[in-house]
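Let me begin by presenting the structure, written as structure tokens, before commenting on it.
We count ligands from 1, going down the list as the structure has it; atoms in each ligand are counted the same way. Excluded from the calculations below are hydrogen atoms, water molecules and symmetry mates; all remaining heavy atoms, backbone and side chain alike, are included.
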Amino acid sequence: MIKNSTLTIALTKGRILAETMPLLAKAGIEPLESIGSSRKLLFETNSPAVSLVLLRGSDVPTYVRHGAADVGIVGKDLLMEFGVEGLYEVLDLEIARCRLMTAGLSDRKPSEAKVRVATKFINVAKQHYASRGIQAQLIKLYGAMELAPLMDLADEIVDIVDTGNTLRANGMSPRDHIADISSRLVVNKASMRTRHTQISELIDRLSKAVDEQGGRA
Ligand code: PRP
């Protein structure tokens with residue numbers, strides 16, 4: 001259990017984490033043991049008042065919304081998909097930048113009428129195709145979206161694109177740009193009131209760390 005007086009920061013596992021840790025270090029927060037090489041999920045830091053928990057990105061908004069963590073670091077893609085109810089989105093950390101896009105097989109023309117779409121971003125996809133007046137049959141997947149058009153499960157996918165290597169390697173090309181994505185700092189609404197000084201200081205330090213990293217240059 002975490003002490004009640006501790007400020008808990010929920011971090012996203014995976015590719016965001018590698019860019020998160022240097023930013024936290026610049027803001028003066030360092031775990032007492034290496035996060036990447038441990039199976040632990042809960043970490044104390046050099047500041048006794050701050051602890052870190054390591055979660056799947058899609059669980060970060062849930063932990064923060066319910067106040068199990070006071071603040072979280074999570075991709076904008078997941079905030080778009082799961083909503084920001086109960087949260088304040090306070091800072092663009094300008095890390096883990098990528099794009100949320102539709103994509104399809106390079107040798108097929110996009111359909112303008114009805115399209116089968118495989119994605120883990122069901123809400124984002126629903127909104128996107130509706131806004132373009134295209135009837136979409138949405139198929140929920142949990143990973144390896146790029147396989148769906150190859151296996152004729154879907155005509156298009158909605159997924160994040162970074163280098164574009166995964167699409168290219170699977171004979172696919174990006175189509176519509178839906179949104180530019182980066183990681184955001186979110187805060188539980190109640191924590192913002194009850195731990196205002198501590199959280200304001202964290203936002204301030206992280207904001208300076210973002211500037212130092214040249215994200216806003
Ligand atoms: C993401 C995404 C793509 C890939 C895009 O998957 O789902 O598959 O990265 O990156 P690229 O454009 O640089 O090839 P990730 O590896 O994060 O795993 P996930 O399927 O668990 O989301």
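- Within the structure, every pair that satisfies the salt bridge (charged side-chain N to carboxylate O under 4.0 Å, His left out) test and touches residues 174-184, not counting sequence neighbours, is listed here: Glu89-Arg184, Asp92-Arg184, Arg132-Asp176, Glu156-Arg175.
- Expressed to the nearest 0.5 Å, how far CG of Asp59 lies from CG of Leu78 amounts to 9.5 Å.
- Ligand 1 is surrounded by Arg15, Lys120, Glu146, Asp159, Ile160, Val161, Asp162, Thr163, Gly164, Asn165, Thr166, each with at least one heavy atom closer than 4.0 Å.
- For the atom pair CD1 of Ile9 and CG of Asp70, the computed distance is 8.5 Å after rounding to the nearest 0.5 Å.
- A distance of 10.5 Å separates CD1 in Ile139 from OG1 in Thr119, rounded to the nearest 0.5 Å.
- Two residues are said to be in side-chain contact when any heavy atoms from C-beta on lie closer than 4.5 Å; Asn188 and Leu87 fail this criterion.
- Between Glu33 and Lys40, at least one side-chain nitrogen of the basic residue sits less than 4.0 Å from a carboxylate oxygen of the acidic one, meeting the salt-bridge criterion.
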